[in-house]
Amino acid sequence: MRILVTGTAGFIGFHVAKRLLAGHEVVGVDGMTPYYDVSYKHRRHASLLQSPGFTAHETMLEDVEALGRIWEETAPDVVIHLAAQAGVRYSLENPRSYVESNLVGTFNILELARRMPPRHLLLASTSSVYGAADKVPFSETDRADEPMTLYAATKKATELMAHSYAHLFGIPTTAFRFFTVYGPFGRPDMALFKFVDALLKGRPIDIYNHGRMERDFTYIDDLVEGIVRLVDTPPVLGEAGRHEGDTLSPVAPYRTVNIGNSDPVPLMRFVEAIEDAVGRKGRHNYLDMQPGDVPRTFADTRLLRSLTGYQPSTPVREGVEGW
């Protein structure tokens with residue numbers, strides 16, 4: 001298949017494209033925004049360009065004319081929309097970038113899908129849409145209408161926008177919500193790399209909420225496997241109820257799916273795994289909870305298993321040692 005992937009110079013997009021290139025043609029789109037050191041992004045694209053099946057375009061999703069030209073030239077069978085302004089905390093500093101990238105950019109993707117429909121449109125959402133929900137594990141059928149940050153609000157909005165287009169124009173669409181993804185070639189602002197950097201430089205590690213947090217850490221290879229398997233399971237209107245906990249809409253070929261390890265890990269156990277992998281213990285700077293943060297995430301992945309037969313399972317210690 002010919003697959004258009006947005007965000008291929010980013011952490012998740014890079015790994016998704018790399019996996020797909022084993023059997024498909026991949027057209028990558030990335031705006032190379034300076035949210036973090038752009039050299040990371042150029043290195044990821046350079047790596048992907050070693051494959052003759054990969055084509056790269058440096059284009060902002062807000063540039064609808066340029067994006068439209070790429071779409072027309074590609075005529076994609078499948079679109080995997082991963083590009084977004086990431087980061088829960090950065091949304092407090094630069095909220096406009098989330099509106100422009102996540103809302104306007106996704107709108108442009110949806111408009112192009114309306115004009116030239118792919119067989120399956122997949123778009124990335126986030127566990128942040130669940131907010132500080134008390135009920136665990138977080139199920140796709142749970143109410144997710146109380147976002148704690150603008151980042152979460154924009155991702156929930158993109159889910160709703162995609163549902164409306166799936167209903168109006170019959171575009172088979174899957175929104176997947178991922179949970180605290182980590183692994184090699186990640187963003188430098190991610191906890192794994194911040195903690196390692198602090199250890200290597202002898203600085204204290206900032207531990208928020210005094211360590212009283214749990215995260216459903218999901219190794220990047222597990223997330224990629226879930227996404228790739230979902231590519232082959234486009235929603236079909238009228239087939240609701242065939243899978244346990246199905247979120248297939250009654251009015252659109254649209255569903256949401258969690259992709260997580262379904263095994264929340266205490267933050268301090270994650271820190272200990274990193275310290276053991278680096279080979280040194282660090283000093284811990286215990287701080288209060290940051291604005292917009294949540295104490296725990298925990299994915300219910302029964303629907304993913306029912307749809308694909310797959311369950312992410314990489315233990316945190318194994319994932320940390322493997323990066």
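A continuous path of ILVMFWY side-chain contacts below 4.5 Å connects Leu287 to Leu267, so both sit in one hydrophobic cluster. Cluster annotation: Tyr36 is not connected to Met32 through the hydrophobic network of ILVMFWY side chains, with a link wherever side-chain heavy atoms come within less than 4.5 Å. A continuous path of ILVMFWY side-chain contacts below 4.5 Å connects Val224 to Ile3, so both sit in one hydrophobic cluster. Leu248 and Val251 fall into different hydrophobic clusters, where Ile, Leu, Val, Met, Phe, Trp and Tyr side chains are chained together by heavy-atom contacts under 4.5 Å. Linking Ile, Leu, Val, Met, Phe, Trp and Tyr whenever their side-chain heavy atoms come within less than 4.5 Å leaves Val129 and Leu82 in two separate clusters.
At distances below 3.5 Å, not a single donor-acceptor pair connects side-chain atoms of Arg215 with backbone N or O atoms of Thr180. With Asp222 contributing its side chain and Ser313 its backbone, the two residues share a donor-acceptor pair below 3.5 Å. With Tyr98 contributing its side chain and Ala86 its backbone, the two residues share a donor-acceptor pair below 3.5 Å. Side chain of Thr173 to main chain of Ile171: a donor-acceptor pair is present (N/O by atom type, distance under 3.5 Å, no hydrogens or angles). Judged by distance alone, the side chain of Lys156 and the main-chain N or O of Ala144 form a donor-acceptor pair under 3.5 Å. No donor-acceptor pair under 3.5 Å is formed between the side chain of Glu140 and the backbone N or O of Val257. No donor-acceptor pair under 3.5 Å is formed between the side chain of Thr74 and the backbone N or O of Pro76. Arg283 places a side-chain N or O within 3.5 Å of a backbone atom of Gly202 that can act as its donor or acceptor partner. Side-chain atoms of Thr6 come within 3.5 Å of backbone N or O of Ala83 as a donor-acceptor pair. Panel note: side chain Asp216, backbone Asn261; a donor-acceptor pair is recorded below 3.5 Å.
Asn108 has its side chain out of reach of Leu61: every pair of non-hydrogen atoms, C-beta onward, lies at least 4.5 Å apart. A 4.5 Å side-chain heavy-atom check between Gln311 and Ser262 finds at least one atom pair inside the cut-off. Within the 4.5 Å cutoff, the side chain of Thr154 has no heavy atoms near those of the Ser101 side chain. Residues Tyr219 and Pro184 are in side-chain contact: their nearest non-hydrogen atoms beyond the backbone lie under 4.5 Å apart. Residues Leu123 and Ile109 fail the side-chain proximity criterion, which asks for heavy atoms closer than 4.5 Å. With contacts defined as side-chain heavy-atom distances shorter than 4.5 Å, the pair Asn258/Phe179 qualifies. With contacts defined as side-chain heavy-atom distances shorter than 4.5 Å, the pair Phe54/Lys18 does not qualify. Side-chain contact between Ile80 and Leu4: absent, with no pair of heavy atoms (C-beta onward) separated by less than 4.5 Å.
Relative orientation of the Phe178 and Phe176 rings is tilted, given thresholds of 30° and 60° on the angle between their planes. Using cut-offs of 30° and 60° on the angle between ring planes, the pair Phe270 and Phe217 is parallel. Ring-plane geometry between Tyr90 and Tyr35 is classed as tilted, the angle between the planes lying from 30 to 60 degrees on a 0 to 90 degree scale.
Among all heavy-atom pairs drawn from Thr174 and His120, the shortest one is OG1-NE2, 2.8 Å. The shortest heavy-atom contact between Gly292 and Met148 is O-CB, 3.6 Å. The shortest heavy-atom contact between Ser91 and Thr149 is OG-CB, 3.8 Å. The two residues Asp142 and Pro137 have their closest heavy-atom pair at OD2-O, 3.9 Å. When every heavy atom of Ser97 is checked against every heavy atom of Asn94, the shortest pair comes out as OG-O, 2.8 Å. The minimum heavy-atom distance between Tyr254 and Ala162, with the atom names listed, is CE1-CB, 3.9 Å.
At a cut-off of 3.5 Å, with distance as the only test, a side-chain donor of Lys41 or Thr33 sits close to an acceptor on the other residue. Side-chain contact, His210 with Asp288: a donor N or O sits under 3.5 Å from an acceptor N or O. Side-chain atoms of Ser249 and His167 form no donor-acceptor pair, as typed in the model, at a separation below 3.5 Å. Counted by atom type alone, Glu275 and His284 present one or more donor-acceptor pairs between their side chains at under 3.5 Å.
The NE2 atom of His81 lies 7.0 Å from the OG1 atom of Thr158; values are rounded to the nearest 0.5 Å. The CG atom of Leu20 sits 8.0 Å away from the CE atom of Met1 when rounded to the nearest 0.5 Å. With rounding to the nearest 0.5 angstrom, the CG atom of Leu230 is 8.5 Å from the CG atom of Leu303. Between the CD atom of Gln85 and the CD atom of Glu100 there is a distance of 10.0 Å, given to the nearest 0.5 Å. With rounding to the nearest 0.5 Å, the separation of CG in Leu304 from NE2 in His243 is 11.5 Å. Between Met161 atom CE and Phe107 atom CZ the span is 7.0 Å, to the nearest 0.5 Å.
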Criterion side-chain contact (heavy atoms from CB on, under 4.5 Å) on Lys135 and Arg143, from CA distance to verdict: CA-CA 10 Å; Lys135 174 186 170 294; Arg143 182 167 172 262; over 6 Å; no
side-chain contact (heavy atoms from CB on, under 4.5 Å) between Phe298 and Glu214, intermediate numbers included: CA-CA 8 Å; Phe298 184 177; Glu214 292 182 331; over 6 Å; no
side-chain contact (heavy atoms from CB on, under 4.5 Å) between Val27 and Ile70, worked out: CA-CA 9 Å; Val27 177; Ile70 296 167; 4.1 Å; yes
Check against side-chain contact (heavy atoms from CB on, under 4.5 Å), Thr301 and Tyr310: CA-CA 9 Å; Thr301 55; Tyr310 179 68; over 6 Å; no
Trace of the salt bridge (Lys or Arg N to Asp or Glu O under 4.0 Å) decision for Arg19 with Glu225: CA-CA 9 Å; Arg19 169 64 185 279; Glu225 183 68 28; 2.6 Å; yes
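Electrostatic pairing of Glu73 and Arg69 does not count as a salt bridge here, judged by no charged N lying under 4.0 Å from a carboxylate O. Ion pairing of Glu159 with Arg177 is present here, as a side-chain N (NZ or NE/NH1/NH2) and a carboxylate O approach within less than 4.0 Å. Under the 4.0 Å criterion applied to side-chain N and carboxylate O atoms, Arg203 and Asp197 are assigned as salt-bridge partners.
Judged by the 6.0 Å distance and 45° axis criteria, Arg187 is not positioned over the aromatic ring of Phe11. Both tests pass for Arg44 against the ring of Phe185: distance under 6.0 Å to the centre and angle within 45° of the axis.
Remark: of the listed residues Leu200, Asp206, Ile274, Ile274 is the sole one forming a side-chain contact (heavy atoms from CB on, under 4.5 Å) with Phe195.
Residue Asp145 qualifies as enclosed at atom CG: its count of foreign heavy atoms under 6.0 Å is above 12.
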